[in-house]
Amino acid sequence: MLPLSLSSPRWLATAVLLGARVTYAAFKLDTIEDIKETAATVAWDLMQYYHGNESGQTPGILPGPPPAGDYYWWEAGAMWGTLIDYWHWTGDDSYNDVITQAMLWQVGPNRDYMPPNVTASLGNDDQGFWGMSAMLAAENGFPDPPEDEPQWLALAQAVFNTQASPTRHDDTCGGGLRWQIPWSNNGYNYKNSIANGCFFNLGARLARYTGNQSYADWAEKTWDWMVGVGYIDKDYNIYDGGHVEQNCTDINRAQFSYNNAIFLLGAAYMYNYTNGSDVWAARVNGLVNSTLRTFFRDNVAYEVACEEHMSCTTDMLSFKGYLHRWLATATEVAPFIRDTVLPVLRTSAEAAVSTCTGEENGRTCGFQWVKRQYDGSKGAGQQMNVLGAVSALLVEYSKPPLTNGTGGTSKGDPMAGSRSDTLTQEVKPPTGGDKAGAAILTFVVLATTVGAFTWMSMGE
Ligand SMILES: *[C@@H]1O[C@H](CO)[C@@H](O)[C@H](O)[C@H]1NC(C)=O
Ligand SMILES: *[C@@H]1O[C@H](CO)[C@@H](O)[C@H](O)[C@H]1NC(C)=O
Ligand SMILES: *[C@@H]1O[C@H](CO)[C@@H](O)[C@H](O)[C@H]1NC(C)=O
Ligand SMILES: *[C@@H]1O[C@H](CO)[C@@H](O)[C@H](O)[C@H]1NC(C)=O
Ligand SMILES: *[C@@H]1O[C@H](CO)[C@@H](O)[C@H](O)[C@H]1NC(C)=O
Ligand SMILES: *[C@@H]1O[C@H](CO)[C@@H](O)[C@H](O)[C@H]1NC(C)=O
Ligand SMILES: *[C@@H]1O[C@H](CO)[C@@H](O)[C@H](O)[C@H]1NC(C)=O
Ligand SMILES: *[C@@H]1O[C@H](CO)[C@@H](O)[C@H](O)[C@H]1NC(C)=O
């Protein structure tokens, strides 16, 4: 199934004119139809990275996790969100069945996006990305699954509830979520912005969707914690995180675009939920300022922590897409930022598509958009970025996120996730490839055994 654009005479003419080495005529974004056609082609190219619906493959995931393939579990969760927005903004439902199958396959035994297969690298952020995609399905009015299957809103609530549980919110650093969920994982001692950003973002959106203040209270609390601990500074820079051993004062000052975008979108929802409060308006303004200042060069998205020397990891190579999509959606729930944000997204999207001239099909997209030509970098993240940037150009022509009171039909369950595993307390057997975790586990088991003997001899 080729996208329309490939079979159209325009492409044939281009191919004929240029001979064997087909240089792809630049993607066009001039009209709504241009944007849809471009997005369709980029979406099709993105889906070439997905094999989960082929026989013998696992539905829902991209090739991985490393070393089995390039992509961690979370990135597929992010990809389904990208495609749910793609459907919402363009109306193209070609991938809806694949999306639904994927999103439902990965829910795990407790319907909370903690499938046992991924325990060895399961962070609150990983779970959060799947939860946010489920939330997006509810907000976009994505077709509801059959009644005997988990429902989008309930899945988002399950993720939120597991993260709001006291077992995940300990008192180190005065609160906040840790990065990893299982205590035996490398990174369990790190409290970071993206994990808390996912929780904040989900809380704000659940508050607006359901009207339940409890979610907003958690969002407020998370925001206050982020500021209190210094991960968000007075200029609205957002830093990556810190370790519990140092009470989170050893702040890693790397800045990533998805951190700003996730907090900006959550703040915009809080602004909306509070009927336009001054407090949240100021935070939205501050975040728009810092985001445009830090992550755009001449109005083109730029991943400042790693782009100059192209030291970005596979994860980081997908952040620009979230940046574009979340800024776009923020303009719907906080319309006062529209005139500042939308022209930047437009310029950036134009630069983005100008990198899509790589590889043999003449349309693989690159990563360094500021170069406005293909830079040799390719992957699912790079395609997802451009798809997000292009499809988000249609945000002005589409319905804002629904709520339970304005047409949202997804069924919720306020108690979802309450019977979930608390991996923070359980001793799980180590899984392959998790050496650091296994080492820590061995150490703790030894310590516990020694402790038990000591206790027994003292008891004698
Ligand atoms: C998998 O999904 C793609 C759409 O992304 C579709 O083109 C393809 O036919 C599907 N493959 C199978 C085996 O169903
Ligand atoms: C877990 O892994 C097994 C073996 O690869 C696979 O069959 C199963 O579908 C996976 N489950 C999920 C939820 O991904
Ligand atoms: C640890 O950090 C939290 C949050 O910044 C702070 O409230 C608390 O006083 C700190 N504790 C110590 C012992 O410094
Ligand atoms: C509101 O959300 C809280 C927290 O998830 C839940 O305990 C409570 O039951 C919800 N209230 C309603 C009316 O759904
Ligand atoms: C943006 O933030 C900088 C640094 O905090 C500040 O100097 C500037 O006035 C802000 N600009 C706007 C338009 O708010
Ligand atoms: C927002 O306004 C609506 C309608 O006036 C009101 O019902 C609701 O309680 C307000 N929400 C907040 C959080 O103040
Ligand atoms: C909240 O979002 C809706 C779109 O869903 C928008 O019409 C409304 O103006 C927003 N409220 C505020 C206070 O901006
Ligand atoms: C959502 O809306 C439905 C129908 O409009 C209503 O029955 C239900 O109580 C609402 N749920 C919440 C959580 O407000």
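Start at 1 and go down the list; that is how both ligands and their atoms are numbered. Positions are given from 1, in the same order as the sequence printed here. Everything quoted here is computed from the prediction, not taken from an experiment.
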**Geometric class of the Y49/Y71 ring pair [parallel <30°, tilted 30-60°, perpendicular >60°]** =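 Rings of Y71 and Y49: perpendicular, over 60°.
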**Request:** Run the numbers for me: atoms of ligand 1, each under 4.0 Å from some heavy atom of Y95, listed by number.
**Result:**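 In order of numbering, the contacting atoms are 4 (C), 5 (O).
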Solution key, residues 54-70 side-chain donor-acceptor pairs under 3.5 Å, sequence neighbours excluded:
{"from": "E54", "atom 1": "OE1", "to": "H51", "atom 2": "ND1", "distance (Å)": "3.4"}
{"from": "E54", "atom 1": "OE2", "to": "H51", "atom 2": "ND1", "distance (Å)": "3.0"}

**Amino acids contacting ligand 7, non-hydrogen cut-off under 4.0 Å** =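 Only R208, Y271, N272, N275, G276, E332, V333, P335, P400 have heavy atoms that fall under 4.0 Å of ligand 7, ordered by chain and number.
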**Request:** Sorted by first residue and then second, give each ring pair (Phe, Tyr, Trp, His ring centres under 6.0 Å) pair with at least one member in residues 359-378; sequence neighbours left out.
**Result:**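 Those involving residues 359-378 are H324-W369.
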**Asked** How far apart are the C-alpha atoms of N289 and Y236, what are their side-chain angles, what is the distance that settles it, and do they pass the side chain to side chain donor-acceptor pair (under 3.5 Å) test?
**Response** CA-CA 8 Å; N289 181 333; Y236 293 89; over 6 Å; no
**Request:** Taking side-chain hydrogen bond (donor to acceptor under 3.5 Å, both in side chains) as the test, write out the residues that go with D93, two or more places apart.
**Result:**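 Applying side-chain hydrogen bond (donor to acceptor under 3.5 Å, both in side chains) to D93 gives none.
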**Item:** Point-to-point distance, once rounded to the nearest 0.5 Å, from CE of M132 to OH of Y113
**Value:**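 The OH atom of Y113 is 12.0 Å from CE of M132, to the nearest 0.5 Å.
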**Request:** Can you sort out which atoms of ligand 1 are near V98, meaning under 4.0 Å from one of its heavy atoms?
**Result:**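 Once the distances to V98 are compared, the set is 2 (O).
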**Message:** Between R346 and E396, does any NZ, NE, NH1 or NH2 come within less than 4.0 Å of an OD or OE carboxylate oxygen?
**Reply:**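 R346 and E396: not salt-bridged.
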